[in-house]
Amino acid sequence: MQEITIKTDFIKLDAFLKFCGEAGTGGEAKLLVSGGEIRVNGEVCTMRGKKLYPEDRVSAPGGEYRVCGE
């Protein structure tokens with residue numbers, strides 16, 4: 001599991017997918033999320049604007065990530 005550190009209180013799911021390298025563009029992030037390929041804390045998430053906070057876990061086709069705060 002890869003740890004991704006954010007410098008803000010939260011990050012939106014679509015921005016997180018770009019930040020960690022799972023998606024190259026917002027359009028790619030949208031397709032991943034709307035296609036049901038992303039899990040947040042073990043549950044499929046289809047809300048690309050979902051707020052992620054430190055300790056949230058994201059599973060994507062390219063790997064698993066944990067959101068960490070500074």
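Grouping Ile, Leu, Val, Met, Phe, Trp and Tyr residues whose side-chain heavy atoms lie under 4.5 Å apart, directly or via other members, places Phe10 in a hydrophobic cluster with Tyr53.
Under the salt bridge (charged side-chain N to carboxylate O under 4.0 Å, His left out) criterion, Glu3 pairs with Arg66, sequence neighbours left out. Remark: Ser34 engages no residue in a side chain to side chain contact (heavy atoms under 4.5 Å, CB included) (not counting sequence neighbours). For Glu43, the side chain to side chain donor-acceptor pair (under 3.5 Å) test picks out no residue, with sequence neighbours left out.
Between the SG atom of Cys68 and the CD atom of Glu55 there is a distance of 6.0 Å, given to the nearest 0.5 Å. From Glu37, atom CD reaches atom CG of Leu32 across 5.0 Å, with rounding to the nearest 0.5 Å. The CZ atom of Arg39 lies 11.0 Å from the SG atom of Cys45; values are rounded to the nearest 0.5 Å. In this structure, CZ on Phe16 lies 9.5 Å from CD1 on Ile38, to the nearest 0.5 angstrom.
Evaluation of the side chain to side chain donor-acceptor pair (under 3.5 Å) test over residues 6-25, restricted to residues two or more places apart or in two chains, returns Glu22-Tyr65. Counting only residues at least two apart or in different chains, salt bridge (charged side-chain N to carboxylate O under 4.0 Å, His left out) contacts with residues 23-34 are absent.
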- Show your working on side chain to side chain contact (heavy atoms under 4.5 Å, CB included) between Ile11 and Ile4 and close with a plain yes or no. CA-CA 11 Å; Ile11 186 170; Ile4 305 294; over 6 Å; no
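Smallest separation of non-hydrogen atoms from Glu70 and Thr5: CG-CG2, 4.0 Å. Ile6 and Val67 make their closest contact through CD1-CG1, 3.8 Å (heavy atoms, listed as atom of the first residue, atom of the second, distance). Across all non-hydrogen atoms, the minimal contact from Ala29 to Ala23 is N-CB, 3.6 Å.
In this structure, the side chains of Glu64 and Arg57 stay at 4.5 Å or more apart for every pair of heavy atoms.
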